Structure formats: C-alpha cells, structure tokens
Amino acid sequence: MLDELLAVGAATAAAAAVYVAAAAKVVRQYERGVVFRLGRLRRDIRGPGFTMIVPVVDRMRKVNMQIVTMPVPAQDGITRDNVTVRVDAVIYFKVMDAADAVVRVEDYRFAVSQMAQTSLRSIIGKSDLDDLLSNREKLNQGLELMLDSPAVGWGVSIDRVEIKDVSLPETMKRSMARQAEADRERRARVINADAELQASKKLAEAAGVMSDQPAALQLRLLQTVVAVAAEKNSTLVLPFPVELLRFLERAAQQQGPPPGQEQEQEQGQRRTGQEPRAEAPAPPPQPEVQGRSEPRLPRADDAPTLGTAEQPPAVTGRPERARS
C-alpha cells in the first residue's frame, strides 16, 4: 500500500513538473507576449518577466519592441526633369501595438520594407534632381508621411526615414561639373572686372595728383626702377628721350671730329701702306649773274605775231650782242 502511494506521488510530481515547464514563459524587457487561447486573441498582453500560460491550450508569440533599422534597397527611377537616378535609403521604425503587429499583418517587417521601396520610387518621380541633391530634409519628411499612414494600422510607428545616396550617370556628373566650372568662371570674371574698375578709379585719382606735381611722376619712375633692380635675373631698360639723342647727334656733327682723330687716321694709313688721301681743292666760286638769260632765237614753226617785236631781255653786267 505504501509503495503504491509513493508511486502515485512520484507520478503526480513528475506531471506537475512537466506542466510547469510547459506553462512557464519568460518575457524579456524589450519584448511583449501576445497570447492566443484556442486561436482567439487574449487582450491581456504579457509584460516582461515570468508568466504562465495553459499548455496545449494557449500559444504565446513574442514581439520585439525595439527600434528596427532597415535598409531600403536602391531603387532606379526617373525624376520629374527626366534624369535617371538610383536612390537608396534607411528607415527606422518600432512596434507600438504588439497585438496589431501580430494580427493585422502577416509579417510587419516585410510589409514595411515593401512599402518603403514603393514610396521611395514615388518620391523620386515627384521630385527634381536638385531637390534630391540639396533638399533632402523635405524629401525625408514626405517619405516619412507616406510610410506612416499605412503603418499606423499595423501597430508600427515610423520613427525616421533618411535618403542615403543618390547615384547619377557619368554623363550627368560631367555636365554638372561643367556647369559648376562655368559658374565659378563667371563669378571670377565678375570679381576681376570689379577689381579693374576700382583700380582704374584709383589710377585716375593718382594721375590727377601726378599732373599737379610733375616731380611725383619722376619719383614713381625711380621707385619702379628700384623695384625692378631688386631682381637679379632681370635686365633693366631705362626709357631715354629721343629728342635728347637727336640734340647730341646734331651737336657732334657741328663740332666735327676731334683733332687727334685725323692724326690717328693718317698714321693708320701709313702703317697699312696706303697714301693719305689728299683732299680735292674746292672749286673756285663762280660769280652769279642775276637776271642773266640767253635770248631765244625764233624758230620756223613759231607763229608770227603782228605788231610786236621780240625784245631781248635786259641783262646786268657785260652787254652781249644780240644774235639775229
């Protein structure tokens, strides 16, 4: 009798141990337990810690309540200004209602991923290329609103959406580089023209001051010469007035060669065996006869004149006999 009682007690203890092992569940701090009893959802969501369920009758499913970081695969699309781009993004979301995340959608992670891809393609088609490159905050907000509307019904809250990278074709990259270079060149030319205008105004003021004080121009010239002479590898060329050169040349011609130069020329000719050149005597001056002219004889082809006689011109000096 005692043996039978001990056997029954041991069997009962083993059954209780198995029951407790099957019924005992541990829920972590970042999880929530959703219990289904005979397929029906129980509204009491099990919190973190130790909990018990009815074995075989109850089924518990644990839901992660942490923020999930999910990368969105790169999507190819055409922007509103007909540019082909490839955009990828990242989405941050978390489960707010564990029961809705389990009951209302089969797999909330897959659903959020597909919704993010379709929304990203839609936002690409509605935006311009400049918005994708420079106005990403506005696009991120629009993408977040597009995802948050259906996700609320799934018990999921979209925390943040960020566009990571925008890949452009090589031809578009080169075009944008040329555009940026042209814009830089335009600004450089404008700045250079402004500088030239300011410099011309200052030079005009300086020219006005130098015109009042001519000595200032000479001082400026000397300063320029000193600045150029500081460089060892440069040749200094000073401006020389042409009028001064002509004046010196005329003065040298009037003075003639120096006396010692003629003697040196004669000595050089004697050394070479050449006789010194004798200067040809100047021809005697001929007396000038003022008003002297030869009378012209009449020719046969000359037309006769009536009532006039050709008179020889009057000459001064020795009278000559008129030829008939």
Side-chain angles (χ1 to χ4, degrees), residues 1-76 87-123 139-165:
M1 188 66 181
L2 182 59
D3 294 337
E4 293 177 357
L5 292 175
L6 290 175
V8 173
T12 303
V18 172
Y19 179 82
V20 170
K25 299 294 181 181
V26 177
V27 180
R28 296 184 180 91
Q29 182 66 37
Y30 56 85
E31 293 178 339
R32 297 294 182 270
V34 180
V35 179
F36 293 91
R37 178 167 293 176
L38 297 177
R40 295 189 63 179
L41 176 66
R42 294 184 61 87
R43 291 299 177 181
D44 51 340
I45 303 299
R46 307 298 173 89
F50 181 80
T51 184
M52 296 287 293
I53 62 173
V54 178
V56 183
V57 177
D58 293 343
R59 299 274 183 182
M60 189 175 71
R61 185 174 175 179
K62 298 178 182 178
V63 180
N64 193 341
M65 306 295 290
Q66 291 177 322
I67 296 177
V68 180
T69 303
M70 178 181 294
V72 181
Q75 301 297 315
D76 294 328
V87 183
D88 57 351
V90 60
I91 182 172
Y92 302 88
F93 67 94
K94 63 180 179 179
V95 177
M96 300 299 295
D97 193 340
D100 291 341
V102 174
V103 174
R104 291 181 178 272
V105 63
E106 181 181 2
D107 187 355
Y108 65 91
R109 289 175 177 267
F110 182 74
V112 171
S113 176
Q114 295 300 314
M115 180 59 67
Q117 295 179 28
T118 55
S119 300
L120 183 58
R121 288 196 178 192
S122 177
I123 206 72
L139 296 180
N140 293 336
Q141 294 176 1
L143 189 58
E144 182 179 350
L145 292 176
M146 293 177 65
L147 290 173
D148 195 40
S149 299
V152 171
W154 304 336
V156 178
S157 175
I158 304 300
D159 187 67
R160 192 172 184 180
V161 181
E162 293 287 343
I163 296 176
K164 290 197 304 183
D165 189 19

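What's counted below: heavy atoms across the whole structure, side chains too, no hydrogens, waters or symmetry copies. Not measured: the values here are computed from a predicted model.
Although no hydrogens or angles enter the test, the distance criterion places a donor-acceptor pair under 3.5 Å between the side chain of Asp88 and the main chain of Asp165. Under a 3.5 Å cut-off, the side chain of Lys62 and the backbone N or O of Val26 do form a donor-acceptor pair.
For the atom pair Met146 CE and Glu144 CD, the distance stands at 12.5 Å (nearest 0.5 Å). Between atom OG1 of residue Thr69 and atom CD of residue Glu162 there is a gap of 11.5 Å, rounded to the nearest 0.5 Å. With rounding to the nearest 0.5 angstrom, the CZ atom of Arg42 is 3.5 Å from the CZ atom of Arg37. To the nearest 0.5 Å, the span separating CE on Met65 from CD on Glu31 amounts to 10.5 Å. With values rounded to the nearest 0.5 angstrom, Ile91 atom CD1 is found 12.5 Å from Arg160 atom CZ. Separation of atoms OG (Ser157) and CG (Asp97) is listed at 11.5 Å; rounding is to 0.5 Å.
The side-chain heavy atoms of Asp159 and Phe93, taken from C-beta on, include no pair separated by under 4.5 Å. Contact annotation: the side chain of Val57 approaches that of Leu38 to within less than 4.5 Å [non-hydrogen atoms, C-beta and beyond]. Contact annotation: the side chain of Val27 approaches that of Met60 to within less than 4.5 Å [non-hydrogen atoms, C-beta and beyond]. No side-chain heavy atom of Val87 sits less than 4.5 Å from a side-chain heavy atom of Gln75. The closest side-chain heavy-atom distance from Val95 to Asn64 is not below 4.5 Å.
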In a table with atom names and distances, give each donor-acceptor pair under 3.5 Å that connects a side chain of residues 108-117 to protein atoms at least two apart or in another chain.
none

Could you go through residues 44-56 and list every donor-acceptor pair under 3.5 Å that involves a side-chain atom there, pairing it with any protein atom two or more places apart or in another chain?
from	atom 1	to	atom 2	distance (Å)
Arg46	NH1	Thr51	OG1	2.7
Arg46	NH1	Met52	O	2.8

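For Asp100, the salt bridge (Lys or Arg N to Asp or Glu O under 4.0 Å) partners two or more places apart in sequence, or in a different chain, are Arg104.
For CD of Glu106, the number of neighbouring non-hydrogen atoms (other residues, nucleotides, ligands) closer than 6.0 Å is 12 at most.
Shown here for Ile158 and Asp148, the closest heavy-atom pair between the two residues is N-OD1, 3.6 Å.
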